[in-house]
Amino acid sequence: MRPSRTVARAALTATLALGALPGLVGSHEPGQDRPIDAALFEQVNLASMPDRQGLIPYVLDRAGQSAGTLAATEAFAEVGSAAPAGTPGSPDERAAPALAAAKAGWGWKAPRATMRGEASFYSAGFTAMRDVPRGTTIVICGNGGCIETTVTDYGPAKSTGRIIDMNKPDFFRICGCGWWSGTTQVTVRIY
């Protein structure tokens with residue numbers, strides 16, 4: 001009985017796949033018993049465009065031949081630096097700029113609400129306020145300064161009387177008090 005073409009194709013494919021395996025064709029990993037042949041690391045030089053033309057000078061295309069090209073030995077010139085005094089375009093002929101006087105301004109936008117009360121810290125690394133949703137930007141000010149932060153937790157309990165619980169580094173930054181303190185008075189501006 002003669003094998004079908006599908007079986008013959010599968011057998012031929014399997015034979016070719018086995019012949020293509022690296023182990024069967026002599027490839028090997030470098031090992032301590034056999035050093036790597038230095039011929040595997042030969043340098044290959046690819047000819048760049050000027051090298052391909054040989055001794056004929058390199059010819060630029062139309063864009064390279066424009067009037068704005070510089071030779072290798074030319075330097076850039078500052079526009080107007082060589083104009084003699086009294087000629088149009090010279091530095092002494094330029095008009096003095098007229099600038100308006102600077103005005104004082106204020107960069108803070110007005111807060112939506114302001115709260116004053118007692119603050120404490122907890123070591124969870126969050127800033128918690130009871131009446132403010134998470135993600136709200138707030139500015140907390142105390143005796144030591146102000147910080148801008150984001151509310152990331154809910155709390156403290158209403159029965160504590162505190163308006164905010166902060167992470168420890170922020171608390172001591174705005175507190176202006178010693179490490180033994182547990183609470184401080186703050187002003188919280190809610191934006």
Side-chain angles (χ1 to χ4, degrees), residues 29-30 41 44 46 48-50 60-191:
E29 292 185 13
F41 297 101
V44 177
L46 298 175
S48 61
M49 190 63 164
L60 297 172
D61 60 356
R62 287 194 177 269
Q65 294 174 356
S66 67
T69 58
L70 293 175
T73 58
E74 290 184 63
F76 286 103
E78 293 292 329
V79 176
S81 62
T87 60
S90 65
D92 60 339
E93 291 291 320
R94 294 183 190 160
L99 300 174
K103 297 178 183 176
W106 185 253
W108 289 81
K109 68 178 187 177
R112 289 186 292 144
T114 301
M115 300 174 73
R116 288 178 181 81
E118 196 172 47
S120 67
F121 66 87
Y122 69 122
S123 298
F126 301 110
T127 300
M129 285 191 75
R130 183 177 48 256
D131 300 325
V132 178
R134 290 180 187 162
T136 303
T137 301
I138 60 174
V139 174
I140 310 165
C141 293
N143 291 336
C146 296
I147 60 166
E148 180 178 337
T149 187
T150 303
V151 175
T152 55
D153 200 5
Y154 183 80
K158 191 171 189 173
S159 62
T160 64
R162 296 187 311 269
I163 62 169
I164 188 168
D165 282 340
M166 295 180 281
N167 66 3
K168 198 178 279 189
D170 288 347
F171 176 81
F172 287 108
R173 193 174 305 138
I174 65 132
C175 175
C177 53
W179 60 270
W180 58 86
S181 300
T183 61
T184 188
Q185 292 295 316
V186 295
T187 301
V188 179
R189 293 192 295 267
I190 304 165
Y191 291 93

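Residue Asn143 holds its CG atom at 9.0 Å from CD of Gln185, rounded to the nearest 0.5 Å. Atoms CD and SG, from Glu148 and Cys141 in turn, are 10.5 Å apart once rounded to the nearest 0.5 Å. Atom CE in Met115 sits 8.5 Å away from atom CD1 in Ile164 (nearest 0.5 Å). Interatomic distance, Asp165 CG to Thr160 OG1, rounded to the nearest 0.5 Å: 6.5 Å.
Across every non-hydrogen atom of Met129 and Ile138, the tightest pair is SD-CD1, 3.8 Å. Closest of all the heavy-atom pairs between Phe172 and Phe121 is CZ-CE2, 3.9 Å. Taking every heavy atom of both residues into account, Cys177 and Phe171 meet most closely at SG-CE2, 4.5 Å. When all heavy atoms of Arg162 and Ser120 are compared, the pair lying nearest together is NE-OG, 2.7 Å. The shortest non-hydrogen separation linking Pro156 to Arg130 is O-NH1, 2.5 Å. For the residue pair Tyr122 and Asp153, the shortest heavy atom distance occurs at OH-OD2, 2.9 Å.
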Next item on the list: Please assess Thr150 against Thr127 for the test side-chain contact (heavy atoms from CB on, under 4.5 Å), listing each intermediate value before the final yes or no.
Entry: CA-CA 7 Å; Thr150 303; Thr127 300; over 6 Å; no
Next item on the list: Please test Arg112 against Tyr191 for side-chain contact (heavy atoms from CB on, under 4.5 Å), starting from the C-alpha separation and ending with a verdict.
Entry: CA-CA 5 Å; Arg112 289 186 292 144; Tyr191 291 93; 5.6 Å; no
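Inter-residue side-chain proximity for Val188 and Ile163 is flagged as met; some heavy-atom pair is nearer than 4.5 Å. Counting only heavy atoms from C-beta outward, the side chains of Thr152 and Arg134 never approach each other to under 4.5 Å.
Remark: the Asp131 side chain and the Tyr154 side chain contain no N/O donor-acceptor pair separated by less than 3.5 Å. Donor-acceptor pairing under 3.5 Å is lacking for the side chains of Thr114 and Arg189.
Checking each of Ile140, Val139, Thr149, Thr187 against Ile174 for a side-chain contact (heavy atoms from CB on, under 4.5 Å) leaves exactly one that passes, namely Ile140.
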